Amino acid sequence: MAVFRLTFTKTKRDKLAQVLWILNWISVVTGIILFSLGLFLKVEINKRGELMAERNIQYVPNMLIAVGLIACAINFLGGKICYDCVDTTKFLRWKLIMLPYILCTFFFTFCVLVGALMCYSMHGELEESLNLGLTEAIRFYKDTDTPGRCFLKQTVDMLQIQFKCCGNNGYKDWFQIQWISNRYLDMSQKEVVDRLRSNVQGKYLMDGVPFSCCNINSPRPCIQQQITNNSAHFHYEHQTEELNLWMKGCRQALLEYYTHILQSIGLSVLIAWLFELSVLTGVRYLQTSLENGLRQGDLNSESDGWLLEQSFMETARVNLNIIKSLGKCNQIDTANNGDPNINIPCTSKANYGPDNVPPKEIPEAS
């Protein structure tokens with residue numbers, strides 16, 4: 001029994017073809033939007049690529065770019081097919097192409113759905129990439145004279161100012177690294193020398209943060225040095241007082257920023273998938289109703305259209321049997337290819353004489 005059977009007159013089929021022609025052109029615009037969203041996401045990731053670990057997180061924007069381009073091509077062809085289906089003579093040249101086109105479009109809509117789900121599943125990989133990348137960027141913050149790293153100080157400072165964040169997980173991350181280069185340390189001061197000697201790795205560690213961590217909204221002048229030393233500042237208690245530094249870590253700030261973008265893009269792609277699925281459903285009805293009209297010998301008469309000619313279970317069973325048959329044929333071909341003598345007849349030596357000579361044929365009596 002056919003699934004979702006509908007009856008179409010010639011007028012309804014023509015109207016369906018015209019509506020699908022319009023919807024396919026709208027889908028072309030949708031493909032351009034998907035391409036633009038993928039390109040936008042790729043640019044946003046590349047903007048802060050130096051703050052991310054070298055992990056393969058570009059697959060999502062690349063997927064959206066590819067899906068957008070394919071959507072433009074597929075829906076352009078679909079619009080041409082639906083436009084020609086209004087004319088009976090033009091439909092005949094598309095008759096053999098429509099079913100492969102529908103199968104390809106079904107696979108494409110599945111790829112669109114995968115692209116939408118990938119936007120929501122990228123969170124974990126993005127967080128790990130940001131965590132590793134920001135840790136390295138902060139560690140090389142002081143290397144302003146080192147080729148390949150000299151830009152990191154400006155990059156990190158601009159990041160902390162723009163996103164109102166400090167450090168990787170928080171401002172205390174700066175306490176664990178030396179973020180001031182040795183060239184700016186006065187080695188004649190005993191305090192500096194003692195601090196360097198007190199560290200096992202010879203690093204100049206202190207409870208201070210760069211200027212870019214300062215909260216510009218705080219009424220008090222920024223305290224960025226000796227943050228944990230209450231006696232160094234008047235009327236100051238760092239454990240109870242709200243510090244005039246950005247409290248949020250940059251990893252969390254960037255993750256929230258990219259998560260918002262990915263969720264918005266994922267919702268847009270999901271809507272595009274639903275739209276593509278509705279267009280595909282209409283094209284399937286158009287194809288089956290036209291083919292049934294052709295079987296009846298009159299394309300101007302009423303004909304039935306459906307999504308599946310048989311039930312879901314029967315369709316799945318038939319397709320599974322086809323796959324199994326193809327698998328068995330492949331196994332037989334492989335076995336035949338593995339034995340070069342498979343088709344060569346052989347003669348058993350069991351009937352040979354004592355000298356391994358084949359017996360002579362005895363002529364039949366006439």
Side-chain angles (χ1 to χ4, degrees), residues 1-6 8 12-32 34-35 63 65-116 269 272-297 299 303-330 333:
M1 181 179 180
V3 178
F4 298 118
R5 181 193 297 266
L6 294 177
F8 293 89
K12 288 183 178 180
R13 280 200 303 268
D14 291 345
K15 288 183 178 180
L16 177 61
Q18 293 170 357
V19 171
L20 289 174
W21 175 74
I22 297 174
L23 293 180
N24 272 285
W25 277 107
I26 296 176
S27 296
V28 172
V29 178
T30 304
I32 296 175
L34 292 178
F35 173 81
M63 174 80 169
I65 291 173
V67 165
L69 292 175
I70 296 173
C72 293
I74 285 182
N75 290 296
F76 178 81
L77 177 61
K80 174 63 177 174
I81 293 175
C82 293
Y83 182 80
D84 288 346
C85 284
V86 178
D87 191 343
T88 304
T89 57
K90 290 182 179 180
F91 160 71
L92 295 177
R93 70 173 131 176
W94 294 109
K95 177 180 178 295
L96 298 178
I97 301 178
M98 285 192 73
L99 184 57
Y101 168 79
I102 290 173
L103 294 176
C104 293
T105 307
F106 177 78
F107 176 75
F108 165 72
T109 54
F110 177 75
C111 292
V112 175
L113 178 61
V114 171
V269 177
W273 171 73
L274 293 174
F275 187 79
E276 291 286 345
L277 192 62
S278 63
V279 175
L280 175 62
T281 302
V283 174
R284 174 61 174 168
Y285 273 118
L286 180 64
Q287 178 247 340
T288 52
S289 62
L290 285 171
E291 286 192 352
N292 288 330
L294 195 62
R295 291 171 186 171
Q296 296 172 6
L299 286 174
S303 60
D304 293 336
W306 51 66
L307 294 183
L308 295 175
E309 188 172 0
Q310 298 175 339
S311 64
F312 290 104
M313 295 300 297
E314 292 176 353
T315 303
R317 189 181 300 109
V318 170
N319 292 330
L320 184 61
N321 292 332
I322 293 174
I323 295 173
K324 287 181 178 179
S325 300
L326 293 175
K328 290 180 180 179
C329 293
N330 187 32
D333 292 340

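For clarity, every value in this text was computed on a predicted model and none was experimentally measured. Index from 1, following the sequence.
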Quiz prompt | Minimum side-chain heavy-atom gap D304-L6 below 4.5 Å | solution = no
Practice problem: Apply side chain to side chain contact (heavy atoms under 4.5 Å, CB included) to the pair L294 and L92, showing each step before the final yes or no. | Solution: CA-CA 9 Å; L294 195 62; L92 295 177; 3.9 Å; yes
Quiz prompt | Heavy-atom closest contact (L16 atom, G282 atom, distance) | solution = CD2-O, 3.9 Å
Quiz item: Does the side chain to side chain contact (heavy atoms under 4.5 Å, CB included) test come out yes or no for L290 and K95, once each step is laid out?
Solution: CA-CA 9 Å; L290 285 171; K95 177 180 178 295; over 6 Å; no
Exercise. Please report the shortest heavy-atom distance between T109 and L277, naming the atom on each side.
Key: CG2-N, 4.4 Å
Exercise. Please examine the side chains of V283 and I102, heavy atoms only from C-beta on, and report whether any two atoms are closer than 4.5 Å.
Key: yes
Exercise. Please examine the side chains of C85 and M98, heavy atoms only from C-beta on, and report whether any two atoms are closer than 4.5 Å.
Key: yes
Practice problem: Compare every heavy atom of W21 with every heavy atom of G79, then report the nearest pair and how far apart it is. | Solution: O-CD1, 3.0 Å
Quiz item: Would C82 and Q18 count as a side chain to side chain contact (heavy atoms under 4.5 Å, CB included) if you check the C-alpha gap in whole Å, the side-chain angles of each, and the deciding distance to 0.1 Å?
Solution: CA-CA 7 Å; C82 293; Q18 293 170 357; over 6 Å; no
Exercise. For residues S27 and F275, determine if any side-chain heavy atom of one lies less than 4.5 Å from a side-chain heavy atom of the other.
Key: yes
Practice problem: Check for a donor-acceptor pair, side chain of W25 on one end and backbone N or O of F76 on the other, with a separation under 3.5 Å. | Solution: no
Quiz item: Under 4.5 Å between any side-chain heavy atoms of I26 and L23, yes or no?
Solution: yes
Practice problem: Please name the pair of heavy atoms, one in G68 and one in L34, separated by the smallest distance, quoted to 0.1 Å. | Solution: CA-CB, 3.9 Å
Practice problem: May I ask you to check whether S303 and R13 show a side-chain donor-acceptor distance below 3.5 Å? | Solution: yes
Self-check item: Approximate separation, where rounding is to 0.5 Å, of R93 CZ and I81 CD1
Solution: 11.0 Å
Quiz item: When rounded to the nearest 0.5 angstrom, what is the spacing between CZ in R284 and CZ in F106?
Solution: 11.0 Å
Practice problem: Report the distance from atom CG of L103 to atom CG of L280, rounding to the nearest 0.5 Å. | Solution: 9.5 Å
Quiz prompt | Crowding at CZ, F108 (>12 non-hydrogen neighbours, <6.0 Å) | solution = yes
Self-check item: Beyond-backbone contact of W94 with L77, side-chain heavy atoms, under 4.5 angstrom
Solution: yes
Self-check item: Distance (rounded to the nearest 0.5 Å) between R5 CZ and Y285 OH
Solution: 10.5 Å
Quiz item: Checking side chain to side chain donor-acceptor pair (under 3.5 Å) against E276, which of N75, N24, T281 comes through?
Solution: N75
Self-check item: E291 side chain reached by T288 side chain, heavy atoms, under 4.5 Å
Solution: no
Quiz prompt | Heavy-atom closest pair, residues A71 and G31 | solution = CB-CA, 3.7 Å
Quiz prompt | Min side-chain heavy-atom separation Y101-I74 under 4.5 Å | solution = yes
